[in-house]
Number of protein chains: 2
Amino acid sequence: MKNHQITIKDIARELNISKSTVSRALTGHPSVKSETRKAILELAEQLDYQRNMMSISLITNKSYTIGIVVPEFITSFFPQVVVGAQEEAAKAGYNVLVSQSNDDYATEVANTKVMLANRVDGIMVSISKETRNFDHLKIFQRKGIPIVFFNRVCDEMAVPKVVIDDYDAAYHAVEHLVLSGRKRIAHLAGPEVLAISRKRLNGYIDALKKHQIPVSDDLVIPYDLNLSKVKIYIKHLMGLENPPDALFAVNDPTAIESMRVIKELGLRIPEDIAIVGFGNNYGSDFIEPGLTTVNQPVKEIGKTAMTLLLGLIDKDTAQWRAVTKTLDTELIIRGSTIKQELPQSKR
Amino acid sequence: MKNHQITIKDIARELNISKSTVSRALTGHPSVKSETRKAILELAEQLDYQRNMMSISLITNKSYTIGIVVPEFITSFFPQVVVGAQEEAAKAGYNVLVSQSNDDYATEVANTKVMLANRVDGIMVSISKETRNFDHLKIFQRKGIPIVFFNRVCDEMAVPKVVIDDYDAAYHAVEHLVLSGRKRIAHLAGPEVLAISRKRLNGYIDALKKHQIPVSDDLVIPYDLNLSKVKIYIKHLMGLENPPDALFAVNDPTAIESMRVIKELGLRIPEDIAIVGFGNNYGSDFIEPGLTTVNQPVKEIGKTAMTLLLGLIDKDTAQWRAVTKTLDTELIIRGSTIKQELPQSKR
DNA sequence: CTGTTAGCGCCTTCAG
DNA sequence: CTGAAGGCGCTAACAG
């Protein structure tokens, strides 16, 4: 049996009145005799009537749906952003269509097509690490569908963005390493195509320069964020004749995987090498030692991006302004950089 | 400017042909002169034409959207399930509307209403820990919209379910503690309203009975999964005059939080107390010591539930069978129960 | 092979 | 206050 939904027609027939009257009562139009209105509302309630959004979408040319395009759903970051965004959307009566691409470009493109077919009223996107061509996103601009980037943004599109100050956060993270006495600080960086990687790299470089520490190419390794490769890089770094005494990892998963490898090598953290991550992901507080990392206001990112996006809907495109909101970060210092006296298991 | 989508009408006008011909060409109907077809497809491509799903939904009374209702998005479990489900849905041309309720009953109800208004063709649900009344879900049954439960299921509804054998997994987890020599095994249990909690509790009880270990009420603490309370319970347990030598936690977050508290108390894991969790969540492998826990095939749960659900759509309700698929689990033994020689940082 | 018509569920004129 | 008619974008049935 096809699913059998109650329609206005059903209610009208049952009550033997016209469809338009039912529609009026249901939409709260005042010009309905209170008696009739009451009967209609009661019957609607009783039959679990739900107005079919499809039809109203057809009329208004709005879907009341926002698309969210994210690269992955493994770490806690994107799910949390989605939660924040969803809360904000719900307040405004919007639904959210989420798609994740497994960091795969082709999937991202396919997903955005789906968003188009579903007539999303706007999209919030964080691009995959493979994305270099933005045609699939520019379509939205051309069609007048607002788009807001967050986290991994697209530099070449003049649309609103929600980011954190990656440069600044990286700068302070690395400075923290310098101030705690480290001289040879390695950086496991992200892919160069991501602006986010480049900014963190620049923060790293400038912090070193500021403190008259030479930037050594040997110590900077950009990689594709495929964690299985971390082991190779760490072994290489620690095998140098002058190995690093600190590591700034482009994100927490990288930092955590690095810690695992370093422990395997029998080295001590932070005595032999200090580690700083980025993201304050789930788990960075209970790994041992705790991971010093940059905290970002995850849910806030989602909320901010959604608020920005909703503000663009129904506005004339001419009024759109490509603001970039930069949210504050905070360096959380834990045991991976500073030896801490923990009241925990005796060794 | 409202977003201006290209329609069949636009293409027809441009090419000066009828709308039906355009529609036929676009839907791959053979009866279109290849010349005309070519012109249509080219123009459509050029204009980024995307058929409006709203209208076809209106006709077919299908939305090609599946709702997924989950209680939370903090741990990696549900996001991963969603990924699995989404992959399966995409293969069949379906979208996914995800809603999370923050484990709040009222939000869950509101979310399901949204699903109804959006005419989802089916829903996959895992209930919140507060949910005791299932009227909001029974509506779907009544309307002939298929529903599949996963993980946290509703016993009183005869619909397909995808679960793991919680009883069996708990039994083996606890038996592992017994076989490793523990005699006083505590259990931080989940809320009794969740079937999942009861099954794990029963597995715990039966494993103890099987091995002639008395089940002590003092050692079983059901709680509402609010992690901030774990500290109180652990302190209470460890303060008993005859404290437990092992703890079976209802899930990994509980286990991990317990480990934190236990370390704070200056106790050693596993020497003073062994810990077993449930779920093999993200982080359970890199906490120290590694957490012995029950691994569940997360993505597989999502895929299986979605496959089951898609199989129900368009079928006569009479053909629906309330199968329950039970997926295999595996106990992963790590350092929290067995002292392991780790080739890592010297102590 | 192509055009015309009707209708999906709803809302919004326009007439009573 | 209420009813009838038209149309949103698309497809399907019915003519050519």
Side-chain angles (χ1 to χ4, degrees), chain A residues 2-41 43-44 47-65 93 116-121 143 145, chain B residues 2-41 43-44 47-65 93 116-121 143 314:
Chain A
K2 295 293 292 287
N3 60 41
H4 176 41
Q5 302 275 4
I6 306 299
T7 70
I8 285 191
K9 199 172 164 186
D10 299 323
I11 297 180
R13 183 161 0 129
E14 185 72 23
L15 261 36
N16 200 25
I17 53 179
S18 80
K19 289 182 281 177
S20 26
T21 302
V22 177
S23 172
R24 278 190 270 259
L26 258 17
T27 49
H29 205 89
S31 64
V32 180
K33 210 200 305 178
S34 66
E35 193 183 337
T36 328
R37 140 173 288 120
K38 188 156 166 265
I40 292 170
L41 295 181
L43 186 58
L47 298 176
D48 289 316
Y49 169 79
Q50 289 282 338
R51 82 209 293 207
N52 188 336
M53 288 302 290
M54 303 302 157
S55 38
I56 87 113
S57 291
L58 204 55
I59 297 168
T60 58
N61 195 27
K62 291 192 50 171
S63 60
Y64 296 96
T65 300
L116 276 179
N118 277 71
R119 293 296 191 271
V120 291
D121 295 331
K143 297 207 178 219
I145 302 173
Chain B
K2 295 292 293 284
N3 59 40
H4 176 40
Q5 301 277 2
I6 306 299
T7 69
I8 284 190
K9 199 171 163 185
D10 297 323
I11 297 181
R13 182 162 0 130
E14 185 72 24
L15 263 34
N16 200 26
I17 53 179
S18 79
K19 288 182 281 177
S20 29
T21 302
V22 177
S23 172
R24 277 189 273 259
L26 258 19
T27 49
H29 204 89
S31 62
V32 181
K33 211 202 303 179
S34 64
E35 192 184 336
T36 330
R37 139 172 289 118
K38 190 155 163 268
I40 293 170
L41 295 182
L43 187 59
L47 298 175
D48 289 317
Y49 169 80
Q50 288 283 337
R51 80 210 295 206
N52 189 334
M53 287 301 291
M54 301 303 158
S55 37
I56 87 113
S57 291
L58 204 55
I59 296 170
T60 58
N61 194 28
K62 290 191 53 171
S63 59
Y64 296 96
T65 299
L116 275 179
N118 276 70
R119 294 295 192 272
V120 292
D121 295 331
K143 297 209 177 218
D314 294 336

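To find a chain, count down the sequence lines: A is the first, B the second, and so on, and within it residues start at 1.
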Expected output: side-chain A/Arg51 to main-chain A/Ser23 donor-acceptor under 3.5 Å: no

Sugar-phosphate only, base, or nothing, as touched by B/Ser57 at under 4.0 Å among non-hydrogen atoms: nothing

5' precedence on DNA chain D between A/Ser31 and B/Ile8 (nearest-nucleotide basis): A/Ser31

Interatomic spacing from OG1 in A/Thr36 to CG in A/Leu15 - rounded to 0.5 Å: 8.5 Å

Any A/Tyr49 side-chain nitrogen or oxygen under 4.0 Å from OP1 or OP2 of C/dG9: no

Distance, rounded to the nearest Å, where B/Lys9 contributes NZ and D/dT11 contributes P: 15 Å

Interatomic distance where CD1 belongs to A/Ile59 and C1' belongs to C/dT13 [whole Å]: 12 Å

Contact under 4.0 Å: B/Thr7 side-chain N or O vs D/dC8 OP1/OP2: no

Sugar-phosphate, base or nothing in reach of A/Arg24, heavy atoms under 4.0 Å: base

Comparing B/Ile17 and A/Ser55 on DNA chain C - which has the more 5′ nearest nucleotide: B/Ile17

A/Lys33 NZ to D/dT2 C1', straight-line distance once rounded to whole Å: 10 Å

Value rounded to 0.5 Å, distance of CG in A/Asp10 from CG in A/Leu43: 9.0 Å

Polar pair under 3.5 Å, donor/acceptor by atom type, side chain B/Ser20, base C/dT4: yes

Touch class at under 4.0 angstrom, heavy-atom based, for B/Thr21 against every strand present: sugar-phosphate

Short side-chain N/O contact to D/dT11 OP1/OP2 from B/Ser23, under 4.0 Å: yes

Rounded interatomic separation in angstrom, taking CD1 from A/Ile40 and C1' from C/dC11: 15 Å

Atom-to-atom span, NE2 of B/His29 to P of C/dG3 - whole angstrom: 14 Å

Residue closer to the 5' end of DNA chain C, B/Leu58 versus A/Thr27 (nearest nucleotide): B/Leu58

Atom pair CG (A/Leu26) and NZ (A/Lys19), whose distance is rounded to the nearest 0.5 Å: 14.0 Å

Partner set under ring-ring contact (aromatic ring centres under 6.0 Å, His included) for B/Tyr49, not counting sequence neighbours: none

Nearest-angstrom distance from the residue atom CG of B/Asn16 to C1' of C/dT2: 13 Å

Interatomic distance where NZ belongs to A/Lys19 and C1' belongs to C/dT13 [whole Å]: 15 Å

Under-4.0 Å side-chain N/O to phosphate OP1/OP2 contact, A/Arg37 with D/dC1: no

Gap between atoms NZ and C1', on A/Lys62 and C/dC10 respectively (whole Å): 17 Å

Base C/dG9 to side chain B/Arg119, donor-acceptor N/O within 3.5 Å cut-off: no

